[in-house]
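Whatever order the structure lists them in is the order used to number ligands and atoms, beginning at 1. Values in this document were obtained by computation on a predicted structure and should not be read as measured data. In this chain, numbering begins with 1 at the start of the sequence shown.
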Amino acid sequence: MDKILIVYSTCDGHTRKICRKIKSISENMGNEVELVSIDDLLPVDPGEFDKIVVGASIRYGKHNKKVTEFVVQNRKLLDKKTSAFFSVNVVARKPNRNTPDTNPYLKKFLGRVMWEPDQVAVFAGSIDYRKYRFLDRMMIRLIMYITKGPTNPDTVVDFTNWDQVEEFGKAISEM
Ligand SMILES: Cc1cc2nc3c(=O)[nH]c(=O)nc-3n(C[C@H](O)[C@H](O)[C@H](O)COP(=O)(O)O)c2cc1C
C-alpha cells in the first residue's frame with residue numbers, strides 16, 4: 001500500500017472531478033490517497049507521501065501559477081519520489097494535440113519547470129458556457145469558433161476520455 005498525495009488546481013471543478021476518479025481507482029487498488037487543492041496545501045507535508053500526483057487545468061494559456069511554484073519549490077522532493085503530472089485543457093480534444101508529446105501546454109510547462117514525472121497525461125476538459133462570466137464566455141466561444149468547436153451559448157460538453165483517466169489512475173497505482 002502506498003500513500004499518494006494528489007495536488008490539484010481547478011477553476012470550474014473539472015480537474016477535481018478527474019482527481020476524484022483517480023483517487024477512487026487508486027483506493028480500490030489498496031492505496032491511501034489524500035486529495036488536496038493547491039489553495040489548501042499548507043497543513044500537508046508532501047514529504048510524508050510515497051507518490052505525488054499534480055493535476056492542473058489551463059486558463060488563457062497557462063496553468064495556475066501556484067502549481068508552477070509548488071513544482072519548483074518541491075523539485076528535489078519530486079525527483080526523489082514517484083511522481084505524476086496531468087494537464088486539463090480543451091486543445092487536447094483535438095486528435096493531434098492530445099498526447100504529452102503533442103499538447104503544447106504540457107510540453108511548455110514541463111520544459112519550464114524542468115521536471116520529468118514518472119507518468120504524464122493530458123486530458124481534454126469540459127465546457128459549460130452557462131457557468132462563465134460574460135467576457136470569458138465570449139472569449140471561449142471565439143476560440144471555439146476559430147478551432148471549429150461548439151459555440152452555442154447553452155453548450156455543456158465533456159470532452160474527457162474517462163477510459164484514459166482510468167488507465168492513468170491504474171498506471172499511478174502500479175508505478
Ligand atoms: C476562462 C477560460 C479560459 C480557458 N482557456 C483555455 C486555453 O487557453 N486553452 C485551452 O485549451 N483551454 C482553455 N480553457 C478550457 C479549460 O481548460 C477547460 O474548461 C477545463 O475543463 C477547465 O478545468 P477546470 O474546471 O478544472 O478549471 C479555458 C476555460 C475557461 C473557462
Numbered atoms and elements of ligand 1 in range of Ser57, under 4.0 angstrom, heavy atoms: 22 (C), 23 (O), 24 (P), 26 (O), 27 (O)
What residue and heavy atom of the protein are closest to atom 19 (O) of ligand 1, and at what distance? Ser126 O, 2.5 Å
What I want to find out is whether Asp2 reaches Lys51 closely enough, with some N-O distance under 4.0 Å, to be called a salt bridge. yes
Taking only heavy atoms of Val91 into account, list the atoms of ligand 1 that are under 4.0 Å away from them. 11 (O)
Polar contacts were defined as any N/O atom of the residue lying under 3.5 Å from an N/O atom of the ligand; does this apply to Tyr60 and ligand 1? yes
Atom indices of ligand 1, in the order listed, that fall short of 4.0 Å to a heavy atom of Arg59: 1 (C), 2 (C), 3 (C), 4 (C), 5 (N), 30 (C), 31 (C)
I'd like to know if Glu174 and Lys170 make a salt bridge, using a cut-off of under 4.0 Å between side-chain N and carboxylate O. no
Whether Arg59 and Asp12 form a salt bridge (side-chain N of Lys/Arg under 4.0 Å from carboxylate O of Asp/Glu) is what I want to check. yes
Hey, are Lys107 and Asp101 close enough for a salt bridge, meaning a charged N less than 4.0 Å from a carboxylate O? no
A student checking ligand 1 against Thr10 at a 4.0 Å heavy-atom cut-off should list atoms 24 (P), 25 (O), 26 (O), 27 (O)
Give the atoms of ligand 1, by number and element, whose distance to some non-hydrogen atom of Tyr105 is under 4.0 Å. 7 (C), 8 (O), 9 (N), 10 (C), 11 (O)
Examine Arg16 against ligand 1 and note whether any of their N/O atoms are separated by less than 3.5 Å. no
Backbone N or O of Ala92 within a donor-acceptor pair of the Asn89 side chain at under 3.5 Å? yes
For Gly61, atoms of ligand 1 separated by under 4.0 Å from a heavy atom: 7 (C), 8 (O)
Ignoring hydrogens, just give me the one of Asn89, Ile140, Asp158 whose non-hydrogen atom is nearest atom 29 (C) of ligand 1. Ile140
For Thr15, atoms of ligand 1 separated by under 4.0 Å from a heavy atom: 23 (O), 24 (P), 26 (O)
Option of least heavy-atom distance to atom 15 (C) of ligand 1 (set: Asp128, Asn64, Val90): Val90
Answer yes when Asp79 and Lys76 have at least one side-chain N-carboxylate O distance shorter than 4.0 Å, and no when they do not. no
Quick one: does ligand 1 sit under 4.0 Å from the side chain of Asp136, the backbone, both or neither, non-hydrogen atoms only? side chain
Option with minimal heavy-atom separation from atom 31 (C) of ligand 1, where the choices are Tyr132, Phe159, Tyr129: Tyr132
State the atoms of ligand 1, each with its element, that fall below the 4.0 Å cut-off from a heavy-atom position in Gly125. 21 (O)
Could you verify whether a donor N or O on one side chain and an acceptor N or O on the other, from Asn103 and Asn98, lie under 3.5 Å apart? no
One residue to check: Ile143. Relative to ligand 1, which of side chain, backbone, both or neither has a non-hydrogen atom less than 4.0 Å away? neither
Same apolar cluster (I L V M F W Y, side chains within < 4.5 Å links), Leu106/Phe109: yes
Would you sort out whether Thr147 and Arg93 count as a side chain to side chain donor-acceptor pair (under 3.5 Å), showing the intermediate values? CA-CA 10 Å; Thr147 63; Arg93 77 188 192 286; 2.9 Å; yes
For atom 16 (C) of ligand 1, grab the closest protein heavy atom and report residue, atom and distance to one decimal in Å. Ile58 O, 3.4 Å
Is there a side-chain contact between Phe159 and Pro150 (heavy atoms, below 4.5 Å)? yes
Once you restrict to heavy atoms under 4.0 Å, what part of Cys11 touches ligand 1? Side chain, backbone, both or neither. both
Would you check if the side chain of Asn31 reaches a backbone N or O of Glu27 as a donor-acceptor pair within less than 3.5 Å? no
Report the relative orientation of the aromatic rings in Phe85 and Trp115; use parallel for angles under 30°, tilted for 30 to 60°, perpendicular for over 60°. perpendicular
When you compare ligand 1 with Ile127, is there at least one nitrogen or oxygen pair between them that comes in under 3.5 angstrom? no
